[in-house]
Amino acid sequence: QKEVEQDPGPLSVPEGAIVSLNCTYSNSAFQYFMWYRQYSRKGPELLMYTYSSGNKEDGRFTAQVDKSSKYISLFIRDSQPSDSATYLCAMSGITGANSKLTFGKGITLSVRP
Amino acid sequence: EPEVTQTPSHQVTQMGQEVILRCVPISNHLYFYWYRQILGQKVEFLVSFYNNEISEKSEIFDDQFSVERPDGSNFTLKIRSTKLEDSAMYFCASSSTGQGGGYTFGSGTRLTVV
């Protein structure tokens, strides 16, 4: 089983739709859960991060972590064409070998005007 | 907003040549990293660096790779003898905490080995 698996894409939605992006993981040591946005040939840009379980909201974005199911989600409300990008989930533990970031493969989102 | 700066943005090199990728991390950050992303694949961890030494490295980071912080501001990745499969985007990152959401990534260097 891969350490981090992300729903395959691409994903195309109309403007204004609610988008749900998901990742599963297998490493119980992961404690930090991040969502990055990446544009073509650019570096990952941090959108949100959560420590341990729970929800976090920032404007139109909500991140959810369910450690019991080893499942994380990013919801985008009222999606805009400017949200079109590749979204990467990433996770890490606290110390040692687990403190590096382990990424999902990414999903490319296209929001149609 | 503070940035991680990487140079060059694109480098083309011949197989077997040495390349040095350069990064200027955020000035008050203490943890430094290199990641790479082969086209169409995941972003992969290469190496982490703290207190002037490597703290963690992946299987990818073999003897062909080395890192250095030569002058207290730059952080470099050297590939001694490049192979075709080293072609990828290389991202430098820095962090003040060494944990989770504290990373800032640079825009990357696209390395093409021909």
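In what follows, chains are A, B, ... by sequence order, proteins preceding strands, each numbered from 1.
Within 6.0 Å of NZ in A:Lys56 there are more than 12 heavy atoms belonging to other residues, nucleotides or ligands. Other residues, nucleotides and ligands place no more than 12 heavy atoms under 6.0 Å from the NZ atom of B:Lys57. Surrounding CD of B:Glu3 are at most 12 heavy atoms belonging to other residues, nucleotides or ligands under 6.0 Å away.
Proximity to chain B is limited to the side chain of A:Tyr36, based on heavy atoms less than 4.5 angstrom apart. Proximity to chain B is limited to the side chain of A:Gln38, based on heavy atoms less than 4.5 angstrom apart.
No continuous path of hydrophobic side-chain contacts links B:Ile60 to B:Phe45 [ILVMFWY only; heavy atoms under 4.5 Å]. Each of B:Val4 and B:Val47 belongs to its own hydrophobic cluster when Ile, Leu, Val, Met, Phe, Trp and Tyr are linked at side-chain heavy-atom distances under 4.5 angstrom. Taken together through direct or relayed side-chain contacts under 4.5 Å among Ile, Leu, Val, Met, Phe, Trp and Tyr, A:Tyr25 and A:Met48 form part of one hydrophobic cluster. A:Val19 is connected to A:Leu47 through a chain of hydrophobic side-chain contacts under 4.5 Å among Ile, Leu, Val, Met, Phe, Trp and Tyr, so both are in one cluster. Each of B:Leu46 and A:Met91 belongs to its own hydrophobic cluster when Ile, Leu, Val, Met, Phe, Trp and Tyr are linked at side-chain heavy-atom distances under 4.5 angstrom.
Taking non-hydrogen atoms and a 4.5 Å limit, the residue list of residues 102-114 of chain B in contact with chain A, ordered by number, reads B:Tyr103, B:Phe105, B:Gly106, B:Ser107, B:Arg110. Contacts of residues 5-37 of chain B with chain A at a heavy-atom distance below 4.5 Å involve B:Tyr35, B:Gln37, listed in sequence order. Heavy-atom neighbours of chain A within the stretch residues 80-96 of chain B, taken at a separation under 4.5 angstrom, comprise B:Met89, B:Phe91.
Although no hydrogens or angles enter the test, the distance criterion places a donor-acceptor pair under 3.5 Å between the side chain of B:Lys42 and the main chain of A:Val4.
Among pairs with a residue in residues 37-87 of chain A, those fulfilling ring-ring contact (aromatic ring centres under 6.0 Å, His included) read A:Tyr32-A:Tyr51, at least two apart in sequence or across chains.
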